Undergrad: 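Starting off with a structure, shown below.
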Amino acid sequence: MINYTERIALLMQDVVSRTPSLSFIDLSEVLVFGRFGRAGTEGPFATCHCLTLPASEPGYYFWRDRTTGELTRRSEWFVTKSPVVRIGHRSIKYLISFVLPRYCDQLLERSRKAELYPNMPNWVAKLDTIVHELYHIDPLETGLRRVVRADGSDSPRTHGPHFYEEVARMVKAYLATDPNPDLVRFLEYDFAGLNEHYGGVVATTFRNFPSFPQRYQEALDLPADSMVKVEPLKPLNQPVTYTEDDLHIRQFTESCARRLTRKGQHRAA
Ligand SMILES: [Zn+2]
């Protein structure tokens, strides 16, 4: 079977080493993992998740009476924080998720990327996605290049036309360096083709699949200076620290992803 996230990580290594404007990226601080998403359905192909965003300013939720507008309840004070992901001695700064099998079936033709890559094969759309996510990594280490949403993921509004053009320029420059065809060949297969050729598709996932490390709220012990009822925050339903023991290899099919190996047996690149 093909370990799809491992192949992407290997290809990223080659892309970064041949692309001057991405050469600042230390891929030992980047973890690639798989999320499930059916082919042909709406949604992203991949996402860059930043783990280095600082904790938010303290805040709270509040509820108002619909008719009087009066404050009726509020939550405890909290800050929103990034979880810690540590693989061995490495602290992970960015997670890049690929949505499988949707990503594998991505086509250039009839997509908005088509005009950026005239007369180029369909699989270039997948390479474009890989470079796109790497380009989100901010050289200034302030999070994601440009604006981010509160949960640390990128918003579609963060991409101006120049973002897509710059990605396409890097993709073409990378291909012009004549990379080893063995590194990119897996992108030529759609999901059915991958299964046929490799006998299955596996990927790194997190133990709490379909969840993964996400920003969370931590209650603060601050006095609530109002007379209204204070609601406690919901208890945390996700870990705040992840290690290599939280990485599980799962096999992806058209309809689901299931655990394949014992925990800790595989480590993501
Ligand atoms: Zn993006």
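All residue numbers in this chain count up from 1 along the given sequence. It should be emphasised that the depicted structure is a prediction, and the values quoted were computed from it without experimental measurement.
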Undergrad: Between Thr243 and Arg86, do the side chains contain a donor N or O and an acceptor N or O under 3.5 Å apart?
TA: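 On atom types as modelled, these side chains do not qualify, holding no pair under 3.5 Å.
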
Undergrad: Checking Leu11 against Leu127 for the side-chain contact (heavy atoms from CB on, under 4.5 Å) test, could you report, in this order, the C-alpha distance in whole Å, the side-chain angles of both residues, the deciding distance, and whether it holds?
TA: CA-CA 9 Å; Leu11 177 53; Leu127 181 59; 4.1 Å; yes

Undergrad: Identify whether NZ of Lys or CZ of Arg in Lys126 sits under 6.0 Å from the centre of the six-membered ring of Phe45 and within 45° of that ring's axis.
TA: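 Output no; distance or angle outside limits.
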
Undergrad: About how many Å separate CG of Leu27 and OG of Ser17, when rounded to the nearest 0.5 Å?
TA: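 Separation between the atoms: 9.5 Å.
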
Undergrad: Hey, which of Phe252, Phe36, Phe33 is the one that makes side-chain contact (heavy atoms from CB on, under 4.5 Å) with Thr205?
TA: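 Passing option: Phe252.
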
Undergrad: Between Tyr61 and Phe78, does the ring centroid distance fall short of 6.0 Å?
TA: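 Yes: the rings meet the under 6.0 Å criterion.
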
Undergrad: Would you say the rings of Phe212 and Phe206 are close, in the sense that their centroids are separated by under 6.0 Å?
TA: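 So the answer is no for these two rings.
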
Undergrad: Taking atom types as modelled, find out whether Tyr242 and Asn208 have a side-chain donor-acceptor pair closer than 3.5 angstrom.
TA: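 The criterion, which ignores hydrogens and geometry beyond distance, is satisfied for Asn208 and Tyr242.
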
Undergrad: Under a plain distance cut-off of 3.5 Å, with no hydrogens placed, do Arg215 and Ser82 share a side-chain donor-acceptor pair?
TA: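 Indeed, the side chains of Ser82 and Arg215 share at least one donor-acceptor pair under 3.5 Å.
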
Undergrad: Per the ring pair (Phe, Tyr, Trp, His ring centres under 6.0 Å) rule, which among Tyr4, Phe186, Tyr189 passes with Tyr198?
TA: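 Testing Tyr198 for a ring pair (Phe, Tyr, Trp, His ring centres under 6.0 Å) against Tyr4, Phe186, Tyr189 leaves exactly one candidate, Tyr189.
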
Undergrad: Glu166 vs Arg169, test: salt bridge (charged side-chain N to carboxylate O under 4.0 Å, His left out). Steps then yes/no.
TA: CA-CA 5 Å; Glu166 183 57 15; Arg169 188 196 62 74; 2.7 Å; yes

Undergrad: Give a yes-or-no answer on whether the side chains of Tyr164 and Asp128 include a donor-acceptor pair shorter than 3.5 Å.
TA: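 There is no such pair between these side chains.
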
Undergrad: Would a distance-only check, ignoring hydrogens and angles, find a side-chain to backbone donor-acceptor pair under 3.5 Å from Arg207 to His248?
TA: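 Answer holds: no.
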
Undergrad: Going through the checks in order, is the side-chain contact (heavy atoms from CB on, under 4.5 Å) test met by Asn237 and Tyr216?
TA: CA-CA 9 Å; Asn237 59 1; Tyr216 63 94; over 6 Å; no

Undergrad: Return the minimal non-hydrogen interatomic distance between Ala168 and Leu116, and the atom names on each side.
TA: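 For Ala168 and Leu116, the tightest heavy-atom pair comes out as CB-CB, 4.0 Å.
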
Undergrad: Is there a path of hydrophobic side-chain contacts, each under 4.5 Å between heavy atoms, that joins Tyr60 and Val228?
TA: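 Same cluster: Tyr60 reaches Val228 through Ile, Leu, Val, Met, Phe, Trp or Tyr contacts under 4.5 Å.
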
Undergrad: Do Arg74's NZ or CZ and the ring of Trp77 fall within the cation-pi criteria of under 6.0 Å and 45°?
TA: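 Yes - Arg74 lies over the ring of Trp77, closer than 6.0 Å to its centre and within 45° of its axis.
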
Undergrad: Indicate whether any N or O donor in one side chain lies under 3.5 Å from an N or O acceptor in the other, for Thr177 and Arg18.
TA: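 Yes - a donor-acceptor pair under 3.5 Å links their side chains.
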
Undergrad: Any chance the rings of His132 and Phe163 have centres within less than 6.0 Å?
TA: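 That pair passes the under 6.0 Å test.
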
Undergrad: Would you say the side-chain atoms of Thr72 and Arg64 include a donor-acceptor pair closer than 3.5 Å?
TA: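 There is no such pair between these side chains.
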
Undergrad: Side chains of Lys113 and Thr129: any donor to acceptor distance under 3.5 Å?
TA: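 A pair is found: one side chain offers a donor N or O, the other an acceptor, under 3.5 Å apart.
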
Undergrad: Would you say that Val184 contacts Asp14 through its side chain, given a criterion of any heavy-atom pair below 4.5 Å between the two side chains?
TA: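 No, every pair of side-chain atoms sits at 4.5 Å or beyond.
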
Undergrad: For Phe98 and Arg35: C-alpha separation, side-chain torsions, deciding distance, then whether side-chain contact (heavy atoms from CB on, under 4.5 Å) applies.
TA: CA-CA 6 Å; Phe98 286 82; Arg35 296 163 73 184; over 6 Å; no

Undergrad: Give, for atom OG1 of Thr5 and atom CZ of Arg7, the distance between the pair rounded to the nearest 0.5 Å.
TA: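 Nearest 0.5 Å value for the OG1-CZ distance: 11.0 Å.
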
Undergrad: Are any side-chain N or O atoms of Thr19 and backbone N or O atoms of Leu22, one a donor and one an acceptor, separated by less than 3.5 Å?
TA: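 The answer is no, because no donor-acceptor pair under 3.5 Å joins these two groups.
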
